[in-house]
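Only one structure is covered here, and it is reproduced in the block below.
Residue numbers start from 1 in every chain, and the chains themselves are labelled A, B, ... in the order their sequence lines are given, proteins ahead of strands.
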There are 2 protein chains.
Amino acid sequence: MPTLADVASRSGVSKGAVSSVLRNAPGQDGVSAETRQRILHVVRELGYRPHPLAASLRTRRTRTIGLVVGEPESFLRHPNQALMMGRLLKQASEMGYRVTLMDDAWQDSPDPRLLDGCAVLTWVPSAGIAQVERLAAEIPVVSLYSRIRGAVQVVMDEGTMLRRGMREGAAWLYGLGHRRIALVDVNHPKGPDTLRKDAFAEVAREQGILPELLCYADRWQERLYPTAAEIAQLDPPPTAAVALDDDYARALIAHLARRGLRVPEDVSVFSGNTQQDSFQTPPALTGLARDLTAQWGELMRRFIGLLGNDPAEEIVVPPAEFTLVVRESCAPPRAR
Amino acid sequence: MPTLADVASRSGVSKGAVSSVLRNAPGQDGVSAETRQRILHVVRELGYRPHPLAASLRTRRTRTIGLVVGEPESFLRHPNQALMMGRLLKQASEMGYRVTLMDDAWQDSPDPRLLDGCAVLTWVPSAGIAQVERLAAEIPVVSLYSRIRGAVQVVMDEGTMLRRGMREGAAWLYGLGHRRIALVDVNHPKGPDTLRKDAFAEVAREQGILPELLCYADRWQERLYPTAAEIAQLDPPPTAAVALDDDYARALIAHLARRGLRVPEDVSVFSGNTQQDSFQTPPALTGLARDLTAQWGELMRRFIGLLGNDPAEEIVVPPAEFTLVVRESCAPPRAR
DNA sequence: TTGAAAGCGCTACCAG
DNA sequence: CTGGTAGCGCTTTCAA
């Protein structure tokens, strides 16, 4: 593989000249246009590419960012997380950054000299916090969930969007005539969220209607939805149910089917977070959709933008907006 | 961050001595036991860690392996692939290797100087083949699916296992009394597979029974299963259906439910590749299960083992065995 | 047994 | 505007 020296000698200039031509704009290199062309020609001729390790050793920049995924198998088991990772990778790669994955089995803490920055995508178990903090002391680290000293916190205010979306969903379900609605919120480690419930209650108050709201909360991360079984057993059944996401909605629909209830004829099912592109299980789900590509792409963009400069306290990413997508799984309640 | 020179001066020896102590076994370094102890003490005291970039520049080994995932979002969308990646990562990490992800948007081909080896996890589009071949000329590359010149091919003979598993499934379904069975094979780009069908036909011949086998083939990779809808519309319905995997089985069950058919009361559904740990949608699926952790771990282990030595032609990985897991989704056919 | 020194390939500075 | 040069931190060889 050709080196800088090869290019230099072959084009009759010094190594410095070649290096400068390669990393500065046409005007900014201290080299005559003519020399520049000659050098560039030789570079192409030889198929020269700067040795990234050598460059990094010198510049202390690796153009590599680390993604902390904790226990990789459980992280990747959830499709939303796998997709998030894919999007972050794509964006980074587009911007010329490499991505390395880091699980939580680090013998020592990861070496900051290998990374320009690092994004922590999971809750970090308390045992690992110190490791990440040590890393954050050396390079920019961004954390999505865990609060880590020295790390940049991601602020997304998804709540506002979710609330807005849920209000839209509520208005729509109420509009169809539903008055007995089961709904599921996310049960976080620190306690259940009540955003969805609140939005439904709020809209009801505003419209002066008195729906019966049957509230549940489930852990999203683990993809085990015990409450779906409970909702399916309600007697009388709700006329509509608001599921956490498509996974939940499908589980619920299956539970309802076992009891002989059909969707949407007997019960309407609304997915609180639906994806256009997920695989086809009938009925097609009505619910709130959003395009997360932009959101995660933006996060990565901001993070990389931040790498050269002095670290910020937080990165504010505009959260993706939910839109109501009407497909098949909701209908007016059956007159009983 | 302390350097080798710091350690050397502080322990009153040369850099060479320190380096040797750090990378050779207690007897093998050319250093007295006493000096060794002193050096090691200073290393710990200073928290010294060799600079990986500097070491790599010298040794030409990076302890990093690349994973080619093609278009990351579509690759990671399929849970089996995401899980495979997680397992490979875990194994690599356990063996002290870092993993970097490579999508197909490489401006140039990936730089072989950054990688000790590379595993290609996807079908490589023809446009990318040349890039990968160039890489394979420099470092060991292993390819799971695409045949790539210069790359090590993975040989897994999953067919034998699948056939064996399917025979077991066939015997069991026949034993329950099913004689009208829909079954789905995988439709590869190069044409449909007939393994599942063949196994069922074979067992029927051996047992001297004459089942009605309704055969379909679908693309597995894309998670869009048009044949599930077709099977659900069969009239009369099959008494049992063998699905590709859990995804397919759930889609099929949903289609059947829309038609008013219940599983397993009206139709038995058998998952050709079920996971114990996937999320809970009733009915729990009966089918063939296997633990892929060992298989993918073994692949990574062999590949890494191969890195130092001269490249092999192929890596033979013992495929995981299928076992029949009986849960709820199959029952004897209803007397009509 | 130990130490000195020559690179790995590149960047960046500093004289000319 | 150009070319020489001093490292980045490590490994490895060779001489003492």
Item to check | By side-chain hydrogen bond (donor to acceptor under 3.5 Å, both in side chains) - contacts of B/Ser20 (at least two apart) | outcome: B/Asn24
Checklist entry - By ring pair (Phe, Tyr, Trp, His ring centres under 6.0 Å), which residues pair with B/Trp220, not counting sequence neighbours? => result B/His78
Checklist outcome for this item: For A/Asp291, the side-chain contact (heavy atoms from CB on, under 4.5 Å) test, sequence neighbours excluded, returns A/Thr293
Next on the checklist: Test of understanding: with side-chain hydrogen bond (donor to acceptor under 3.5 Å, both in side chains), list the residues that count as partners of A/Thr35, not counting sequence neighbours.
Outcome noted: A/Ser32
Checklist outcome for this item: Taken in chain and number order and not counting sequence neighbours, the residues that satisfy side-chain contact (heavy atoms from CB on, under 4.5 Å) with B/His41 are B/Glu45
Checklist entry - What pairs with B/Arg301 under salt bridge (Lys or Arg N to Asp or Glu O under 4.0 Å), at least two apart in sequence or on another chain? => result B/Glu298
Next on the checklist: Test of understanding: with side-chain contact (heavy atoms from CB on, under 4.5 Å), list the residues that count as partners of B/Lys15, not counting sequence neighbours.
Outcome noted: B/Leu4, B/Ala5, B/Ala8
Checklist entry - Does A/Arg36 pair with A/Asp29 as a salt bridge, N-O distance under 4.0 Å? => result yes
Item to check | Positional range of nucleotides in DNA chain D within the contact set of chain B, heavy-atom, under 4.0 Å | outcome: D/dG9 to D/dT12
Checklist entry - side-chain hydrogen bond (donor to acceptor under 3.5 Å, both in side chains) with B/Glu321: which residues, sequence neighbours excluded? => result B/Arg164
Next on the checklist: Mind checking if A/Ser56 touches a base, just sugar-phosphate, or nothing, with heavy atoms under 4.0 Å?
Outcome noted: nothing
Item to check | Annotated protein contacts, base or backbone, on nucleotides 6-16 of chain C with a non-hydrogen cut-off under 4.0 Å, one of B, S, - each | outcome: BBBBBBB----
Item to check | Net bend of the helix from C/dT1-D/dA16 to C/dG16-D/dC1, end axes of five pairs each, nearest 10 degrees | outcome: 50°
Checklist entry - Residues in side-chain hydrogen bond (donor to acceptor under 3.5 Å, both in side chains) with B/Glu133, at least two apart? => result B/Arg149
